[in-house]
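Here the structure comes first, spelled out in structure tokens, and everything after it is commentary.
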Amino acid sequence: MKSTRISNVEKEELLDFTSNEVGLGKFNLIMAFCILFLILSIFAPKIYLSNNIYYISREISRLHAVKELLAEEKLRLQGEIEKIHNKHLLLELEGQK
């Protein structure tokens, strides 16, 4: 059977354990910021352009709808002008009799 007791030497080694934890070095920190700057310099213009394209396409759609509405209004007004012109011609013909 195995002994589960810890000897005094093992206890001392556990208590004397010191970790040599060191944070990021200056080089690693500078490299991380360079990578972050590179990623931002690539994606920020892409996001900006995508947003502008989206808003411009919305404006184009709105202007296209207005154009169609005005084209229909133009046809209606041309029809009314033709009716008035025909009435005017009829009145002139009747006046000549």
Side-chain angles (χ1 to χ4, degrees):
M1 186 179 222
K2 207 174 194 185
S3 173
T4 58
R5 293 185 110 350
I6 299 175
S7 69
N8 286 337
V9 174
E10 291 173 331
K11 288 180 187 178
E12 289 295 322
E13 286 177 1
L14 286 173
L15 291 175
D16 289 338
F17 179 76
T18 57
S19 64
N20 294 331
E21 293 182 18
V22 178
L24 289 176
K26 287 183 182 180
F27 178 74
N28 291 336
L29 193 58
I30 290 172
M31 286 304 295
F33 278 120
C34 288
I35 291 171
L36 179 65
F37 180 73
L38 179 68
I39 289 171
L40 285 176
S41 66
I42 290 172
F43 288 110
K46 181 192 178 306
I47 293 169
Y48 174 77
L49 291 175
S50 296
N51 284 341
N52 277 349
I53 290 170
Y54 170 72
Y55 288 116
I56 288 171
S57 68
R58 281 183 53 186
E59 183 68 15
I60 289 171
S61 295
R62 187 186 67 78
L63 290 173
H64 185 67
V66 169
K67 177 187 169 191
E68 288 178 1
L69 182 67
L70 291 174
E72 289 176 14
E73 184 72 14
K74 179 183 174 187
L75 289 175
R76 186 185 66 79
L77 290 173
Q78 283 176 340
E80 285 184 23
I81 288 172
E82 186 149 338
K83 285 179 188 177
I84 292 171
H85 184 64
N86 289 341
K87 283 182 185 178
H88 180 68
L89 287 176
L90 286 175
L91 290 174
E92 281 185 8
L93 290 175
E94 288 178 1
Q96 288 178 358
K97 289 184 182 180

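This one's a predicted model, so the numbers in the text were calculated from it and none came from an experiment.
Sparse packing is recorded around CZ of R58, with 12 or fewer heavy atoms of other residues, nucleotides or ligands lying under 6.0 Å away. Within 6.0 Å of atom CD in E59, more than 12 heavy atoms from other residues, nucleotides or ligands are found, so the atom counts as buried in its surroundings.
Note that OG of S57 and CG of N52 are 10.5 Å apart. Values are rounded to the nearest 0.5 Å. The CG atom of L93 sits 10.0 Å away from the NE2 atom of H88 when rounded to the nearest 0.5 Å. If you take CD1 on I42 and CD1 on I47, they are separated by 12.0 Å, rounding to the nearest 0.5 Å. To the nearest 0.5 Å, the span separating CD1 on I56 from CG on L63 amounts to 11.5 Å. From L38, atom CG reaches atom CZ of F43 across 9.5 Å, with rounding to the nearest 0.5 Å. In this structure, CD in E73 is found 4.5 Å from CG in L77, a value given to the nearest 0.5 Å.
Inter-residue side-chain proximity for L70 and K67 is flagged as unmet; no heavy-atom pair is nearer than 4.5 Å.
Linking ILVMFWY residues whenever their side-chain heavy atoms come closer than 4.5 Å, directly or via other members, leaves I60 and L69 in distinct clusters.
Residues Y55 and N51 have side chains that never bring a donor and an acceptor to within less than 3.5 angstrom of each other.
Contact check on E72 versus R76 returns no salt bridge, with no Lys/Arg side-chain nitrogen under 4.0 Å from an Asp/Glu carboxylate oxygen.
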